[in-house]
Amino acid sequence: MQVGFVGLGIMGQPMALNLARAGTPLVVWNRSPHRCEPLREAGAEVAGSVAEVFERSEVVVLMLAGEAAIDAALGRDGAGWAGLVAGRTVVHMGTTSPEYSHALERDVRAAGGRYVEAPVSGSRGPAEAGELIAMLAGEPDAVARVREVVAPMCAQVVECGAAPRALVMKLAVNLFLITMTTGLAEAFHFAERRGLDLDVFTSVLDSGPMASTVSRAKTAKLLTADFTAQAAARDVLMNNELIAAAARSAGIASPLLDVCLALFTRTVELGHGGDDMAAVVHAIGERSGAPDQAPPHPGRSHLAQAREDALHQVE
């Protein structure tokens, strides 16, 4: 089966490389051609256009940054796009709103193609290691075919039913990821401002019951101030906005996510959009203001200190 792959960004490039290294007959395209070179070296063929990818492939994976990028790549506003997807299986592996995906499925099927949602859980590290979790949704026979295609990129493949249930699942997973990572950054900031030994703090976290692959990766970034992107803050903000919109449209409360939305918005405004999501610590630090020189009574709560100050004033 000839497989096409469109979109070789932070996630797409290592995902496509795992397909090529697994022996999948692969033809790729990316808007920035230099991103294709590692794929060429791994044995994949490089197409000159998205249309060429579709012409030469039975299954085409889209790993593109957002709805506008997908529409532009497919030429959905033009008359020729129906012929592009007819007879092909389109696999949407990026993150968009569930409503967008549902509409895309409808249009692909109306044009004579097949459609499968396959968003993934995981950042650049798991993508490089082939340890992503893929969530599939669509018609059962199309899902079964795509399951074989995505297997070399994943540690686990989960079937979620009809589209857009895979994207709803992805948003639910990302809600936990965003709030968890923001909480970790806040805890690190608290430990730093209270003068704790950050190596010891990191060791305690990494050894405790809350430790995970994600927490270990993010604490390492916070400890070394290395914010090279595994999941860029601007992409996390986009996910945050999608989840918040999905929650509001369904009348679902999302209080923790709403705080994260404000913090990631500020992180991007501060110029950290291309940095890893752990860079949210900068927005948290801005709220604290300049670091205190030294707490007058280490380990005592602000409330206890305020009570003691009040007593001194009475005396």
Taking the side chain as every heavy atom from C-beta outward, state whether Leu184 and Met210 have any pair of such atoms under 4.5 Å apart.
-> no
Any chance CZ of Arg216 has more than 12 other-residue heavy atoms, nucleotides or ligands included, within less than 6.0 Å?
-> yes
Closest approach of Ala22 and Pro152, non-hydrogen atoms and distance?
-> CB-CB, 3.7 Å
Search all heavy atoms of Ile133 against all heavy atoms of Ala155 and return the closest pair with its distance.
-> CD1-CB, 4.4 Å
If you draw a 6.0 Å radius around CZ in Arg76, do more than 12 non-hydrogen atoms from other residues or ligands fall strictly inside?
-> yes
Any link between Val116 and Met1 through a network of hydrophobic side chains (Ile, Leu, Val, Met, Phe, Trp, Tyr) touching at under 4.5 Å?
-> yes
side-chain contact (heavy atoms from CB on, under 4.5 Å) evaluation trace for Val150 with Val120 | CA-CA 10 Å; Val150 303; Val120 294; over 6 Å; no
Which atom names give the shortest non-hydrogen contact between Ala229 and Gly274, and what distance separates them?
-> CB-O, 3.4 Å
Val90 and Met11: same hydrophobic cluster, using ILVMFWY side-chain contacts below 4.5 Å?
-> no
Presence of salt bridge, Asp258 and Arg248, under 4.0 angstrom | yes
Give the ring-plane orientation class for His92 versus Tyr115, where under 30° counts as parallel, over 60° as perpendicular and anything between as tilted.
-> tilted
Donor-acceptor side-chain pairing of Ser288 and His189 below 3.5 angstrom | yes
Option among Arg88, Arg145, Gln2 that satisfies the side chain to side chain donor-acceptor pair (under 3.5 Å) test with Glu58 | Arg145
Heavy-atom pair with the smallest gap, counting every atom of Ala185 and Leu222 = CA-CD1, 4.0 Å
Output, in order, the C-alpha distance, side-chain angles, deciding distance and verdict of side-chain contact (heavy atoms from CB on, under 4.5 Å) for Ser97 and Leu242.
-> CA-CA 6 Å; Ser97 73; Leu242 288 173; 3.9 Å; yes
Salt-bridged, Glu117 to Lys170, with N to O below 4.0 Å?
-> no
